[in-house]
Trainee: 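Below is a structure I'd like to ask you about.
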Amino acid sequence: MAKEIERKFLVNGQEWRSLVEDRIRIRQFYLASNEGRSVRLRISDGAVATLTLKFGLRGRERDEFEYQVPLAEAEEMMEFAIGRVIEKTRHHVSHRGRLYEIDVFGGELRGLIIAELETPEDVPASELPAWIGREVTSDPRYYNASLAHSDDVPEAVA
């Protein structure tokens, strides 16, 4: 089991795009989701499928378990998705030795861009990149499970 300590931010401007080191195309969906727990399937680059179980209330720290599943089975299970299937491209950008995962959403969520930072230490604002905008870690509307289930899509920032 891994503890997930995660912060979420909106993204300002486009300057981060020239710093991208890698990209992953992601389709993900939820098979179950309730307060404090979720079961998610993620297909990365149409080649790898991962089942993720998350436990804990939304916020910086949750328990997370991940398992590889056969791609064909993951695609078949998409029929059982609750809510929308999330389509996004994840961009990896490093800044001061830390990896930022910047998700550019497509489909119904087109225009939404969220940066995630997973790190055990509390990074002071002075060490965040200039393209990091407002922190939305404590706003449940910006969590993928909420984005999949809710008709109330949060503001899009591009």
Side-chain angles (χ1 to χ4, degrees), residues 1-11 16-17 19-95 97-121 123 129 132 135-154 156-157:
M1 170 186 65
K3 285 282 187 188
E4 179 185 77
I5 300 171
E6 175 181 280
R7 293 173 71 187
K8 291 178 174 284
F9 303 88
L10 297 179
V11 174
W16 62 271
R17 291 184 184 274
L19 306 171
V20 172
E21 300 163 2
D22 194 17
R23 288 177 185 79
I24 303 166
R25 295 188 76 47
I26 295 172
R27 283 183 301 152
Q28 71 181 38
F29 54 93
Y30 289 82
L31 298 172
S33 183
N34 203 339
E35 187 67 29
R37 62 189 63 215
S38 64
V39 178
R40 176 189 77 204
L41 259 168
R42 174 179 285 166
I43 300 172
S44 301
D45 287 330
V48 177
T50 306
L51 177 70
T52 303
L53 310 172
K54 289 188 181 189
F55 300 96
L57 296 175
R58 293 185 176 110
R60 288 188 178 206
E61 188 172 337
R62 296 181 287 176
D63 293 311
E64 182 176 300
F65 302 84
E66 291 191 328
Y67 307 93
Q68 296 295 307
V69 297
L71 180 61
E73 290 181 16
E75 289 174 342
E76 190 175 330
M77 282 188 262
M78 202 175 309
E79 286 183 41
F80 303 103
I82 54 175
R84 69 175 57 91
V85 174
I86 294 176
E87 301 171 25
K88 61 186 179 180
T89 301
R90 174 163 288 170
H91 301 78
H92 291 170
V93 175
S94 295
H95 178 77
R98 296 182 182 98
L99 177 66
Y100 291 80
E101 296 178 326
I102 303 170
D103 290 339
V104 177
F105 291 81
E108 296 175 50
L109 300 171
R110 184 174 312 282
L112 181 62
I113 301 175
I114 298 175
E116 295 182 1
L117 173 62
E118 291 186 26
T119 180
E121 73 272 4
V123 178
I132 286 292
E135 184 164 5
V136 293
T137 302
S138 59
D139 188 338
R141 294 176 304 152
Y142 292 93
Y143 280 80
N144 283 295
S146 294
L147 293 172
H149 299 0
S150 179
D151 291 330
D152 179 28
V153 176
V157 177

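Hydrogens, waters and symmetry mates are skipped; everything else that's a heavy atom, side chains included, is used. Keep in mind that what you see is a predicted model, and the values were worked out from it rather than measured.
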Trainee: Please report the shortest heavy-atom distance between Leu31 and Met77, naming the atom on each side.
Mentor: CD2-O, 3.8 Å

Trainee: Would you check if Met78 and Ile43 make a side-chain contact, meaning some heavy-atom pair closer than 4.5 Å?
Mentor: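 In contact.
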
Trainee: Which residue in the set Glu64, Glu66, Glu35 passes salt bridge (charged side-chain N to carboxylate O under 4.0 Å, His left out) when paired with Lys54?
Mentor: Glu64

Trainee: By side-chain contact (heavy atoms from CB on, under 4.5 Å), which residues pair with Glu87, not counting sequence neighbours?
Mentor: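 Glu87: side-chain contact (heavy atoms from CB on, under 4.5 Å) contacts with Arg27.
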
Trainee: Is any side-chain heavy atom of Leu147 less than 4.5 Å from a side-chain heavy atom of Leu112?
Mentor: yes

Trainee: Tell me, yes or no, whether the heavy-atom count around Arg98 atom CZ, taken from other residues, nucleotides or ligands under 6.0 Å, exceeds 12.
Mentor: yes

Trainee: By side-chain contact (heavy atoms from CB on, under 4.5 Å), which residues pair with His149, not counting sequence neighbours?
Mentor: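 Expected list: Tyr30, Ser33, Ile82.
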
Trainee: Are the side chain of Tyr143 and the backbone of Ser138 linked by a donor-acceptor contact shorter than 3.5 Å?
Mentor: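 No, the answer is negative, given that no donor and acceptor are paired below the 3.5 Å cut-off.
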
Trainee: Please enumerate all residues that pass side chain to side chain donor-acceptor pair (under 3.5 Å) together with Glu75, with sequence neighbours excluded.
Mentor: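 Testing Glu75 for side chain to side chain donor-acceptor pair (under 3.5 Å), a comparison that skips the adjacent residues, returns none.
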
Trainee: Report yes or no: do Arg40 and Thr52 form a side-chain donor-acceptor pair below 3.5 Å?
Mentor: yes

Trainee: Should Val85 and Gln28 be marked as a side chain to side chain contact (heavy atoms under 4.5 Å, CB included) after you check the CA-CA gap, both sets of side-chain angles, and the distance that decides it?
Mentor: CA-CA 6 Å; Val85 174; Gln28 71 181 38; over 6 Å; no

Trainee: Hey, are the side chains of Phe105 and Asn144 touching, using non-hydrogen atoms and a 4.5 Å cut-off?
Mentor: yes

Trainee: Identify the heavy atoms of Leu117 and Leu99 that sit nearest to each other, and give their distance.
Mentor: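 Closest pair (atom of Leu117, atom of Leu99, distance): CD1-O, 3.6 Å.
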
Trainee: Are there over 12 heavy-atom neighbours, none belonging to Arg141, within less than 6.0 Å of that residue's CZ?
Mentor: yes

Trainee: Does atom CD of Glu21 have more than 12 heavy-atom neighbours from other groups under 6.0 Å away?
Mentor: yes

Trainee: Sort out for me which residue in Arg25, Arg23, Arg42 forms a side chain to side chain contact (heavy atoms under 4.5 Å, CB included) with Arg90.
Mentor: Arg42

Trainee: Any side-chain heavy atom of Phe29 sitting closer than 4.5 Å to one from Val39?
Mentor: no

